[in-house]
Amino acid sequence: MPSRTRTALAALAVGALIATAGCGRGESKGPDDAAATAPGFDGRTLTLGVLNVTSGPAASSFAPIGAGAKAYVDALNARGGIAGKYPVELITRDTAYDPSKTAQAYEATKREVAAYALVTGTLSTDAVLPQARKDDVLVFSASADGKFFHQSHVLSIAMPAQSQFLNGAEYLTRGENKKRKLCSLATEGPRFETATAVVEYAEKKMSMRTGPSLAVQSGVKPTTQIQQLKKADCDMVMMSTAQIPEAPDVLTAAIEQGFEPTWIANAGSWGPFLNDGPLYDYTTEHLVIVTEGLPWGADDEGMSRLLADQKKYAPKARPSVGFLWGYNQLAAVDAVLTEAAEQGDLSRAGIMRAQASLSSLDLTTYYPRPWGAAADRGQHTQYCVLVPSKSGKDGTEETACHQKVTQDVLDYPYPAGD
């Protein structure tokens with residue numbers, strides 16, 4: 001009997017040690033095990049981080065994304081929250097689109113959140129990604145940079161900018177327009193490097209005629225670059241710049257120099273401000289916007305739901321491409337966390353497993369995107385071409401939606417993941 005008693009006591013001690021170790025990791029199992037308590041989840045409420053730009057010169061560009069995200073969360077909580085039973089609370093910090101401030105905001109909030117529902121911009125995503133990998137935290141990024149395409153700890157609903165530009169160029173060179181020449185003008189740094197690579201790919205893999213890829217500096221009017229593009233007889237120019245101040249400076253310089261190519265912009269380079277003042281007449285004739293989703297007000301069930309939520313929860317928000325992005329971004333968050341809840345694990349590791357187990361991101365007004373483990377992710381297979389228009393509620397008007405992405409674009413070589 002004594003030997004059996006010692007064995008039993010030893011077993012109890014080992015069990016207690018294991019239980020203590022589990023608590024030390026900050027996660028514990030609840031009685032129902034529907035979802036264990038974990039960082040950012042107390043068994044009742046999910047707390048998510050938002051690192052957005054709410055001050056500085058870029059704030060106006062990112063504000064609509066934040067408004068769309070909040071409207072989705074308000075509507076979600078009115079339905080009971082994730083899986084109908086876990087309300088969402090957002091902890092929001094301003095990054096001023098400064099990498100050091102972004103990293104500080106991440107460090108200040110990471111112990112309180114289950115995931116980051118919104119991190120706006122490429123610079124901000126770059127600033128948090130190394131530590132997010134170490135912390136095993138999923139970052140839902142509002143960046144269209146293709147370098148995040150296969151990163152396991154980043155989920156971006158955006159069609160990569162590289163694909164947006166190639167889709168625009170392919171659309172504009174169909175039929176009798178095949179001989180049009182593609183050039184690019186981009187903000188110096190990563191945007192310029194990406195634009196240059198896209199033009200080179202279009203020439204080598206898509207047999208397009210191409211011209212120079214030039215860089216611009218923020219705050220410096222690109223008169224010289226516009227003259228160079230005009231001299232090179234560029235028929236199409238990819239414009240990869242920030243909405244403010246680069247995009248207005250580029251287009252104003254083009255007007256002054258009488259340069260009239262077709263500019264190819266993505267959502268990150270365009271804003272409703274282009275429909276105000278002297279730029280409007282020029283952009284309606286000489287600019288197209290490539291997006292991965294439907295324009296505001298499209299006849300679609302998902303759009304009807306978004307419009308109802310915008311009217312109820314964000315009535316002062318101006319219709320915009322950015323609002324659509326933020327709303328759809330949080331729809332992706334909802335999809336991943338609902339999957340995690342259904343799998344019974346809302347820990348960070350559980351959230352990572354849940355997002356990798358989804359075969360597709362089917363969002364509210366965006367075209368579906370094949371999903372899965374980082375190495376298996378695919379591109380959107382459809383896109384829309386819009387033009388600026390005062391008649392459109394978000395400042396755009398549909399030119400051609402439901403366009404099929406060609407195999408050449410689907411084959412673009414995005415960097416391998418982590």
Side-chain angles (χ1 to χ4, degrees), residues 122 142-150 156-186 191 193-211 213 234-241 247 261-270 283 286-295 298 321-322 324-325 328 360-361 363 365-371 377-388 396-415:
T122 300
S143 167
D145 196 311
K147 67 183 175 183
F148 302 125
F149 192 92
H150 293 299
S156 173
I157 64 169
M159 176 181 287
Q162 294 90 325
S163 296
Q164 292 184 39
F165 289 127
L166 288 171
N167 284 326
E170 186 276 326
Y171 175 80
L172 293 171
T173 53
R174 294 176 183 173
E176 61 184 22
N177 295 315
K178 188 166 185 171
K179 293 186 178 180
R180 299 180 79 180
K181 182 185 288 188
L182 176 66
C183 306
S184 71
L185 190 61
R191 285 180 184 265
E193 295 167 5
T194 295
T196 301
V198 169
V199 171
E200 291 175 353
Y201 183 86
E203 178 183 20
K204 294 176 181 178
K205 301 297 184 180
M206 301 174 71
S207 302
M208 289 188 187
R209 294 177 65 237
T210 61
S213 294
C234 298
D235 302 297
M236 308 175 292
V237 181
M238 293 164 26
M239 182 176 67
S240 182
T241 65
T262 300
W263 295 91
I264 304 171
N266 63 1
S269 297
W270 180 87
T283 56
H286 302 293
L287 184 140
V288 297
I289 305 149
V290 182
T291 75
E292 58 281 275
L294 300 174
V321 173
L324 296 175
W325 191 344
N328 281 278
S360 178
L361 295 179
L363 307 177
T365 68
Y366 275 26
Y367 291 116
R369 179 178 176 184
W371 203 249
R377 296 173 184 173
Q379 294 190 49
H380 303 79
T381 57
Q382 290 180 285
Y383 65 94
C384 273
V385 179
L386 313 176
V387 295
T396 67
E397 182 177 42
E398 175 185 337
T399 293
C401 278
H402 315 305
Q403 296 297 300
K404 184 177 179 179
V405 178
T406 66
Q407 192 60 48
D408 283 334
V409 177
L410 293 175
D411 288 340
Y412 188 85
Y414 288 100

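- Closest heavy-atom contact between Arg369 and Ala158: NH1-O, 3.6 Å.
- The side chain to side chain donor-acceptor pair (under 3.5 Å) search around Asn328 returns Thr365, not counting sequence neighbours.
- Residues Thr399 and Tyr171 form a side-chain contact, since some pair of their non-hydrogen atoms from C-beta on lies under 4.5 Å apart.
- The SG atom of Cys401 lies 6.0 Å from the CG atom of Leu386; values are rounded to the nearest 0.5 Å.
- Under the side chain to side chain donor-acceptor pair (under 3.5 Å) criterion, Trp325 pairs with no residue, sequence neighbours left out.
- One N or O on the side chain of Ser156 and one on the backbone of Ser143 form a donor-acceptor pair closer than 3.5 Å.
- Between the Arg377 side chain and the Phe149 main chain, a donor and an acceptor come within less than 3.5 Å of each other.
- For the side chain to side chain contact (heavy atoms under 4.5 Å, CB included) test, no residue two or more places apart in sequence or in another chain qualifies with Thr381.
- Side chains of Glu292 and Tyr383 form no contact here, defined as non-hydrogen atoms less than 4.5 Å apart.
- Between atom CD of residue Gln403 and atom NE2 of residue His380 there is a gap of 15.5 Å, rounded to the nearest 0.5 Å.
- Taking CD1 of Ile289 as the reference point, atom CD of Glu397 lies at 11.0 Å (rounded to 0.5 Å).
- Tyr414 approaches Gly146 most closely through the heavy-atom pair CD2-O, 3.5 Å.
- Evaluation of the side chain to side chain contact (heavy atoms under 4.5 Å, CB included) rule for Arg180 yields Leu172, Thr173, Asn177, Asp235, Met236, Thr262 as partners, not counting sequence neighbours.
- Leu185 places a side-chain heavy atom less than 4.5 Å from the side chain of Trp263.
- The closest side-chain heavy-atom distance from Thr194 to Lys147 is not below 4.5 Å.
- We find the OG1-CG distance between Thr406 and Asn167 to be 6.5 Å, quoted to the nearest 0.5 Å.
- Every residue two or more places apart in sequence or in another chain was checked for a salt bridge (Lys or Arg N to Asp or Glu O under 4.0 Å) with Lys181, and none qualifies.
- Looking at Arg209, its side chain does come within 3.5 Å of a backbone N or O of Lys179 through a donor-acceptor pair.
- With sequence neighbours excluded, no residue forms a side chain to side chain donor-acceptor pair (under 3.5 Å) with Thr291.
- In this structure, SG on Cys384 lies 6.5 Å from NE2 on His402, to the nearest 0.5 angstrom.
- Rounded to the nearest 0.5 angstrom, Ser240 OG and Gln162 CD are separated by 8.5 Å.
- Scanning for ring pair (Phe, Tyr, Trp, His ring centres under 6.0 Å) contacts around His286 gives Tyr282, with sequence neighbours left out.
- Within the structure, salt bridge (Lys or Arg N to Asp or Glu O under 4.0 Å) contacts touching residues 167-177 (residues at least two apart or in different chains) are Glu170-Arg174.
- Within the 3.5 Å criterion, the main-chain N or O of Val405 finds no donor-acceptor partner in the side chain of Gln379.
- Glu398 meets the side chain to side chain donor-acceptor pair (under 3.5 Å) test with no other residue; sequence neighbours excluded.
- Contact between Met159 and Ala144 at its shortest, heavy atoms only, is O-CB, 3.8 Å.
- Contact between Leu294 and Tyr367 at its shortest, heavy atoms only, is CD2-OH, 3.6 Å.
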Using atom types as modelled, flag every donor-acceptor pair under 3.5 Å from a side chain in residues 195-208 to any protein atom, sequence neighbours excluded.
unit_1	atom_1	unit_2	atom_2	d
Thr196	OG1	Phe192	O	2.9
Tyr201	OH	Asp408	O	2.6
Glu203	OE1	Thr210	OG1	3.4

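- Scanning for side chain to side chain contact (heavy atoms under 4.5 Å, CB included) contacts around Pro368 gives Ser360, Asp362, with sequence neighbours left out.
- Nearest heavy atoms, Asn266 versus Ala161: ND2-CB, 3.6 Å.
- The shortest heavy-atom contact between Ala169 and Ile264 is N-CD1, 3.7 Å.
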